[in-house]
Asks: 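This is the structure, below, for whatever I ask next.
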Amino acid sequence: MVLPSKMPQLADLDLLLSVESCGSVGKAAQAHSLSQPAASIRISAMERRLGLRLLERSPAGSKLTEEGEMLAKYARNVMRAARELLEFGSGSQAADAKRLRVAGSPAVSEHLIPEWLNRSGFSFGEARVEVQTGSVETLSQLIRASHVDLAFIDGWCQAGSQVQKQFRDDLATRYICDDKLAVVVGSRHPWARRPTPLTVQELASAPLVLRERGSGLREFTDELLGTARSTRSYVEFPSSAAIKQAVATSQRVTVLNVSTVRSELAEGRLHLVAVDQEMPAKPIYAAWSELRGLPEYARELVKIAASKGSPMPVFAPDPKIKSIRLAEAKTTTKPSMTVDVHESMS
C-alpha cells in the first residue's frame with residue numbers, strides 16, 4: 001500500500017495533540033524542542049495537506065476547531081498504535097511495565113501523591129515515576145492524549161466546579177477522599193491556644209494572607225468570608241508554601257486546605273483554629289482513560305490512595321498541657337481512666 005501524499009506525519013499529529021493539551025502552540029513547541037515558528041509552520045502545512053482548519057488562534061492561546069478535535073480523536077488512536085508497534089519492535093514492553101506517569105492538581109501533586117507513593121511501598125529503583133501538575137482541564141487533556149496513565153483531580157484547582165461532572169464518558173473515575181479548608185495561624189499567634197471557636201466576622205476582621213485572585217482556593221475563601229469581609233489589609237501569595245512561611249512568622253491568619261499543612265501542624269509551626277461553622281470541602285478523584293485502563297503500578301497507586309486518602313492532621317503535644325497532666329498523675333491516689341488527647345496522638 002502506498003500512502004497518500006497528504007497523509008499527516010506522526011510527529012505532526014503528536015504536535016497537534018500537544019497543542020490540545022497545552023493550550024498554545026508556543027508551549028507545545030517547547031515540549032517538542034521546537035521554535036514556535038517551526039511548530040506553526042508544521043501545523044499550517046498539515047492544515048493545507050488535509051484541507052482542514054485545525055486551530056483557532058488568538059493572543060490568549062490556541063484551541064482546536066471542531067475539525068481539529070475530530071482529527072485529534074483519530075490521532076490519539078494512531079499514536080497509541082504507533083507506541084504499541086514501537087514496543088513490539090524494540091522489546092521495551094517489560095521496561096514500560098515498570099513506568100508510571102501520574103499527574104495531579106497542584107496541592108495533590110505536592111502534598112498527597114508523594115505520601116501515597118511512599119505508603120505503597122514503591123521502590124524508585126524498580127519503577128520510573130513521572131509526576132506532572134496542572135488544572136482540571138489540563139489533567140483531562142493529558143489523560144486523553146496518553147501523556148499520563150493516571151491523574152488525581154480536586155476541586156480547588158478550578159473554583160466552583162463539581163469535578164466529576166467535567167469528565168466525559170471516555171474517562172473512568174474513582175472517589176479518593178475529601179480535602180477540607182481550615183483556618184491556620186502561627187505558633188505565636190494568640191489564636192493558637194484559643195479555647196472557643198472563631199466566628200467568621202472575627203476571621204474577616206483579622207490581617208489575612210490569601211492566595212492570588214483567580215485561584216480556586218481564593219474563591220472558596222472569599223465565599224467563606226462572604227458579607228463579613230472588612231477593609232483590613234491582606235497579603236496575597238501565588239503559592240501555599242509562601243503563605244505558610246508568612247503565617248508561621250507573623251501575627252497573620254490564613255485559610256488553607258488541610259492536606260497542605262499536616263507537616264507543619266505535626267511540627268507545631270502552625271496551628272488549626274476551630275470555626276463556629278462547617279468548613280467547605282472538595283472531593284479528590286482519580287481519573288484515567290476507560291479505553292486504555294490502568295497499568296499495574298497505576299492500579300496499585302489508586303488502591304493505596306483510596307485506602308489512605310487525606311489523613312487528619314497530627315498535632316504536636318503541647319508541653320504545658322503535658323506537664324500539667326503529668327503533675328496531676330503524680331498526685332492522684334486512684335487509677336484514672338482519663339486519657340490526654342495530645343499524648344494519645346503523639
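Quick note: residue numbers are just sequence positions, from 1.
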Asks: Is any side-chain heavy atom of Val273 closer than 4.5 Å to a side-chain heavy atom of Val253?
Replies: no
Asks: As a test of understanding, state which of Arg76, Lys27, Arg144, Lys63 forms a salt bridge (Lys or Arg N to Asp or Glu O under 4.0 Å) with Glu20.
Replies: Arg76
Asks: Got a second to check how far His32's NE2 is from Leu15's CG, nearest 0.5 Å?
Replies: 5.0 Å
Asks: Can you see whether Tyr234 has Arg218 sitting over its ring - NZ or CZ less than 6.0 Å from the centre and within 45° of the normal?
Replies: yes
Asks: Give me the atom names and distance for the closest heavy-atom approach of Leu16 to Gly68.
Replies: CD2-O, 4.3 Å
Asks: Check step by step if side chain to side chain donor-acceptor pair (under 3.5 Å) holds for Ser205 and Gln201.
Replies: CA-CA 6 Å; Ser205 300; Gln201 181 62 58; 3.2 Å; yes
Asks: Hey, does Trp116 have a side-chain heavy atom less than 4.5 Å from the side chain of Val108?
Replies: yes
Asks: Any chance CD of Glu67 has more than 12 other-residue heavy atoms, nucleotides or ligands included, within less than 6.0 Å?
Replies: yes
Asks: Rounded to the nearest 0.5 Å, how far apart are OG1 of Thr173 and OH of Tyr175?
Replies: 12.5 Å
Asks: Tell me the closest heavy-atom pair linking Ser240 and Leu256, and the distance in Å.
Replies: OG-CD2, 3.9 Å
Asks: If you look at every heavy atom in Gly268 and Ser187, which pair is closest and at what distance?
Replies: O-CB, 3.3 Å
Asks: Nearest heavy-atom pair of Val102 and Ile113: which atoms, and what distance?
Replies: CG2-CD1, 4.2 Å
Asks: SG of Cys177 to CD1 of Ile284: how many Å apart, nearest 0.5 Å?
Replies: 4.0 Å
Asks: Rounded at 0.5 Å granularity, tell me how far CG in Leu171 sits from CZ in Arg292.
Replies: 8.5 Å
Asks: For Leu139 and Gly104, work out which heavy atoms get closest and say how close.
Replies: CD1-C, 3.6 Å
Asks: Between atom OG of Ser40 and atom CD of Glu47, what is the distance when rounded to the nearest 0.5 Å?
Replies: 10.0 Å
Asks: Side-chain contact, heavy-atom cut-off 4.5 Å: Arg194 with Val185?
Replies: no
Asks: Applying side-chain contact (heavy atoms from CB on, under 4.5 Å) to Leu71 and Leu13, what does each step give before you reach the verdict?
Replies: CA-CA 9 Å; Leu71 179 61; Leu13 293 175; 4.3 Å; yes
Asks: Does Glu236 have more than 12 heavy atoms from other residues, nucleotides or ligands lying within 6.0 Å of its CD?
Replies: yes
Asks: Could you go through the side-chain contact (heavy atoms from CB on, under 4.5 Å) check for Ile43 and Arg57 one step at a time?
Replies: CA-CA 12 Å; Ile43 295 291; Arg57 300 169 174 85; 3.6 Å; yes
Asks: For Ser24 versus Gly61, what's the shortest heavy-atom pair and its separation?
Replies: CB-CA, 4.2 Å
Asks: For a 4.5 angstrom cut-off between non-hydrogen side-chain atoms, does Leu64 reach Leu54?
Replies: no
Asks: In plain terms, say whether Asp154 and Lys282 are close enough for a salt bridge, that is, a side-chain N and a carboxylate O under 4.0 Å apart.
Replies: no
Asks: Strictly below 4.0 Å, N to O, side chains only: are Asp149 and Arg101 in salt-bridge contact?
Replies: yes
Asks: Nearest 0.5 Å please: distance from the CG atom of Leu150 over to the CZ atom of Arg299.
Replies: 11.5 Å
Asks: Should we say atom CD of Glu56 is surrounded by more than 12 heavy atoms from elsewhere, each under 6.0 Å from it?
Replies: yes
Asks: If we only count heavy atoms from C-beta on, is the Glu278 to Lys180 side-chain gap below 4.5 Å?
Replies: yes
Asks: Under the criterion side-chain contact (heavy atoms from CB on, under 4.5 Å), I'd like the reasoning laid out for Leu270 against Lys244: C-alpha separation, chi angles, the key distance, then a yes or no.
Replies: CA-CA 8 Å; Leu270 296 178; Lys244 290 189 289 185; 4.0 Å; yes
Asks: Do the charged groups of Glu115 and Arg262 touch, with an N to O distance under 4.0 Å?
Replies: yes
Asks: More than 12 foreign heavy atoms under 6.0 Å from OH of Tyr74: is that the case here?
Replies: no
Asks: Can you tell if the side chain of Leu210 reaches within under 4.5 Å of the side chain of Thr221, non-hydrogen atoms only?
Replies: yes
